[in-house]
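What follows is a single structure, written as structure tokens, with notes after it.
Just the heavy atoms: all of them, side chains too, but no hydrogens, waters or symmetry mates, feed the values below. One-based numbering along the sequence shown.
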Amino acid sequence: MAFSLDYIQDAILSHLRDNIPQPVVEISWQDSKQLELEYGKHPHYVSVEFGDVQQYGQRNMASTWNDNHTLPVYFLAVGATPTSVRKLQNLVLYTMLGFTTEYSGEARKRAGGQMFPLPAGNGALEAYCAPVSFGIPIQLADM
């Protein structure tokens, strides 16, 4: 037995890893002990977090399996400089905009936030982060 949600999430990760040269990881915060923290040498990567499926729109009286749902997907571009992070954020947007797979509709951009710094424990700047958020219409199904 397979669940369409697993299939969709795996397809998103595969699509990103095939189209973005930087590492793509499921939500993974690294601390200063794991990173080279000299300015300009922070590794660039894209962090992905899948939100809880949200019901929206039509509801089927016979079964919740046929209701309309949205899968929120949150991305975080992380890197050493504001310019490189902005470009990585734009690459995520370019790669995901309109993405679709079996059991899903096109990925739609949601309002996001602005770039923000990640300070080290000593107050020095470690890296920059820029979020990107999408909502993907999905069909829950037993495949």
* To do: Could you tell me the separation between the CD atom of Gln114 and the CD atom of Gln89, rounded to the nearest 0.5 Å?
  =>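 If I round to the nearest 0.5 Å, the distance is 10.0 Å.
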* Nearest-0.5 Å distance, CD of residue Gln22 to CG of residue Leu16 ->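 Atom-to-atom, Gln22:CD and Leu16:CG are 11.5 Å apart.
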Do [X] and [Y] have side chains that get closer than 4.5 Å, going by heavy atoms?
X	Y	answer
Lys109	Leu93	yes
Met115	Pro82	yes
Leu88	Ile20	yes
Leu97	Phe134	yes
Ile138	Thr70	no
Val48	Leu13	yes
Val78	Val85	no
Ile12	Phe99	yes

* Within a reach of under 6.0 Å around CZ of Arg86, are more than 12 heavy atoms found that belong to other residues, nucleotides or ligands? ->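 Counting other residues, nucleotides and ligands, CZ of Arg86 exceeds 12 neighbours.
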* Asked: By side-chain hydrogen bond (donor to acceptor under 3.5 Å, both in side chains), which residues pair with Ser84, not counting sequence neighbours?
  ->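 Scan of Ser84 (side-chain hydrogen bond (donor to acceptor under 3.5 Å, both in side chains), adjacent residues dropped) gives His44, Thr81.
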Minimal non-hydrogen separation, [X] against [Y], with atom names:
X	Y	value
Pro72	Gln54	CG-NE2, 3.4 Å
Ala141	Ser4	N-OG, 2.8 Å
Pro137	Gly135	CD-O, 3.8 Å
Ala111	Ser133	O-CB, 4.1 Å
Phe116	Pro131	CE2-CD, 4.1 Å
Leu91	Pro21	CD2-CD, 3.9 Å

* If you look only at pairs with a residue in residues 93-104, which of them pass as a side chain to side chain donor-acceptor pair (under 3.5 Å), with sequence neighbours excluded? ->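 Side chain to side chain donor-acceptor pair (under 3.5 Å) check on residues 93-104 returns no pairs.
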* Sequence neighbours excluded - side chain to side chain donor-acceptor pair (under 3.5 Å) pairs with any residue from residues 6-18 ->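 Listed by first then second residue: His15-Asn19.
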* Going only through I, L, V, M, F, W and Y residues with side-chain contacts under 4.5 Å, is there a path from Tyr74 to Leu76? ->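 They do not share one cluster, since no chain of ILVMFWY contacts under 4.5 Å joins Tyr74 to Leu76.
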* State whether the side chain of Glu49 and the backbone N or O of Phe75 hold a donor-acceptor pair below 3.5 Å, judged by distance alone. =>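 No, Glu49 side chain to Phe75 backbone: no donor-acceptor pair under 3.5 Å.
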